[in-house]
Engineer: 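Here's a structure for you.
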Amino acid sequence: MQTPFLRWSTHVLTLICLVLLFLIFTQRQTPDFSFMTSTNVQSFKTIFLSIILEAFPFVLLGVLVSGILQMFVSEQTIRRLIPKNPVLGILFACLVGVIFPLCECGMIPVIRRLMRKGMPVYVAVVFILVGPIINPVVFASTYMAFRSRPEIAYSRMALAFIVALVIGLIVYRFFKTNPLRNTPSLPALSASHMHTHVEPHAPEPSTVHLHEHKHDRGHQHDHQHDHDHQHDHLHDHAAPATVGNRIFGVLGHASDEFFDMGKYLMFGAIITAIIQTLVSRESLVSIGQGGITSHLFMMGLGFILSLCSTSDAFVASSFTSTFSTGSLLTFLVFGPMLDIKSVLMMLAAFRARFVLALSVLVVVVVLICSLIFEQIVFPIT
């Protein structure tokens, strides 16, 4: 089955070929592409290619690490490491990315499975928010993107830790119910479902046993079918029996994630290059140095671009000369925690009311903590 991207790209290529054939047979003069050598186009190409080339190695490294963890580390291992104490559980979730550096693209499906196996809501939320930021791959990419200002890489880790800690404590205090979608009590459903199929004339015991046995198998099959349907994009950890199969599984998972994240990186690089090319430097400086407006602008940009945390630092570094350090940190922390991609994935796993409440909470906490952090660490002189 063709993906929408492949289908549209085929249509575009077909149209281009038809236009070229028309020009050849009618001997028309080819269109004037001299505008491609203009200053604005050259600037756009330079910014776009620099972002792509700098981010590419870290995206590749990130998807390989994610694939290795997907195939070689089970959810039981992560669940076994989580402390029972709430505060220690939140602290562990804040630092678990150092041990299991998954990107946000594969974080939510893993967390959903862990929550079905008993992971507390507050630990899961912190894991989702901070896991894609506080990990070695993201730190290395941020450090390389801001080579002349390494303090930004350390500040990103510290601010993400503070935000996740605050949100985790709030979720632990006020969110008590299970927010997952489709979490009925299976034993209760099975009992009620079996009750409706009991024959009123009390058949022989062997008949009842056989009927219930067949029904249970059918119910289990339906439940397993639903479970498999909900996780059709996930890889089965238990399927590979040999190291060779696991390695092929790692490569398959990494390639899927690479192309999935690649389109967001391309989109983000294009939007960034357009902004840098078409918007005057004076306008960007007025927004970037405007206090709370710069933070709000970068939060909106991070939400729309939906970049992977292994590549967003290279986009942020292109705004270094126009935006304040605090607003750049807001972009680097808010984007991986909340963007279009993550909201859609959360809506597939959690109830809409919970996703809305969590989104508002992330916006408020990130904005407040970023403003306070900027005043303390990077005061404007």
Side-chain angles (χ1 to χ4, degrees), residues 5 33-65 103-105 132-133 135-157 254 257-289 294 297-336 339-341:
F5 175 79
F33 292 106
S34 59
F35 71 93
M36 295 295 292
T37 59
S38 65
T39 304
N40 284 341
V41 173
Q42 294 297 325
S43 176
F44 171 84
K45 290 190 293 185
T46 301
I47 297 172
F48 173 76
L49 290 176
S50 63
I51 293 173
I52 295 296
L53 293 177
E54 286 185 316
F56 179 82
F58 294 96
V59 173
L60 185 60
L61 177 61
V63 298
L64 286 176
V65 172
C103 76
E104 64 268 28
C105 304
I133 302 177
N135 68 65
V137 178
V138 174
F139 177 80
S141 66
T142 309
Y143 191 91
M144 290 299 297
F146 294 94
R147 288 184 291 271
S148 60
R149 300 190 62 187
E151 66 274 10
I152 293 181
Y154 296 103
S155 298
R156 182 185 192 182
M157 303 296 115
E257 276 205 0
F258 179 80
F259 286 106
D260 182 59
M261 290 188 295
K263 60 178 179 286
Y264 292 104
L265 175 60
M266 296 284 288
F267 175 71
I270 290 173
I271 297 297
T272 303
I274 290 174
I275 293 174
Q276 297 274 30
T277 302
L278 299 183
V279 181
S280 65
R281 179 179 174 82
E282 291 75 16
S283 300
L284 285 177
V285 170
S286 64
I287 297 173
Q289 305 298 328
S294 63
F297 178 85
M298 295 305 282
M299 290 172 71
L301 188 64
F303 181 82
I304 294 172
L305 295 185
S306 299
L307 294 170
C308 179
S309 56
T310 56
S311 58
D312 58 359
F314 296 97
V315 171
S317 64
S318 65
F319 291 99
T320 303
S321 59
T322 52
F323 277 76
S324 64
T325 304
S327 60
L328 295 178
L329 288 175
T330 301
F331 175 84
L332 293 172
V333 172
F334 181 80
D339 55 30
I340 297 175
K341 172 175 79 264

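Just so it is clear, the model here is predicted, and its values are computed rather than measured.
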Engineer: Strictly by salt bridge (Lys or Arg N to Asp or Glu O under 4.0 Å), give each pair with a member in residues 305-315 just once, sequence neighbours left out.
Structural biologist: R156-D312
Engineer: Check side chain to side chain contact (heavy atoms under 4.5 Å, CB included) between T320 and all other residues, then give those that pass, not counting sequence neighbours.
Structural biologist: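 Side chain to side chain contact (heavy atoms under 4.5 Å, CB included) check on T320 returns F146, R149, S317, L328.
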Engineer: Determine which pairs satisfy salt bridge (Lys or Arg N to Asp or Glu O under 4.0 Å) with at least one residue from residues 320-336, sequence neighbours left out, and list them in order.
Structural biologist: none
Engineer: Considering residues at least two apart in sequence or located in another chain, which fulfil the side chain to side chain contact (heavy atoms under 4.5 Å, CB included) criterion with I340?
Structural biologist: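 If we apply the side chain to side chain contact (heavy atoms under 4.5 Å, CB included) test to I340, skipping adjacent residues, the hits are F303, S306, L344.
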Engineer: Quick check for you: to the nearest 0.5 Å, what is the distance between F331 atom CZ and L305 atom CG?
Structural biologist: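 Spacing of CZ (F331) from CG (L305) equals 5.5 Å.
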Engineer: With sequence neighbours excluded, tell me which residues meet side chain to side chain donor-acceptor pair (under 3.5 Å) with S283.
Structural biologist: S280
Engineer: Taking only residues two or more places apart in sequence, or in another chain, which ones meet T330 in a side chain to side chain donor-acceptor pair (under 3.5 Å)?
Structural biologist: H295, S370
Engineer: Apply side chain to side chain contact (heavy atoms under 4.5 Å, CB included) to A273 and list each qualifying residue two or more places apart in sequence or on a separate chain.
Structural biologist: F44, I47, F48
Engineer: Could you pull out all residues at least two apart from F297 that satisfy ring-ring contact (aromatic ring centres under 6.0 Å, His included)?
Structural biologist: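 Listed in chain order: F323.
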Engineer: Partners of S148 by side chain to side chain donor-acceptor pair (under 3.5 Å), sequence neighbours excluded?
Structural biologist: none
Engineer: Tell me which pairs pass salt bridge (Lys or Arg N to Asp or Glu O under 4.0 Å) where either residue lies in residues 317-329, with sequence neighbours left out.
Structural biologist: none
Engineer: The criterion is side chain to side chain donor-acceptor pair (under 3.5 Å); which residues satisfy it with S311, sequence neighbours excluded?
Structural biologist: none
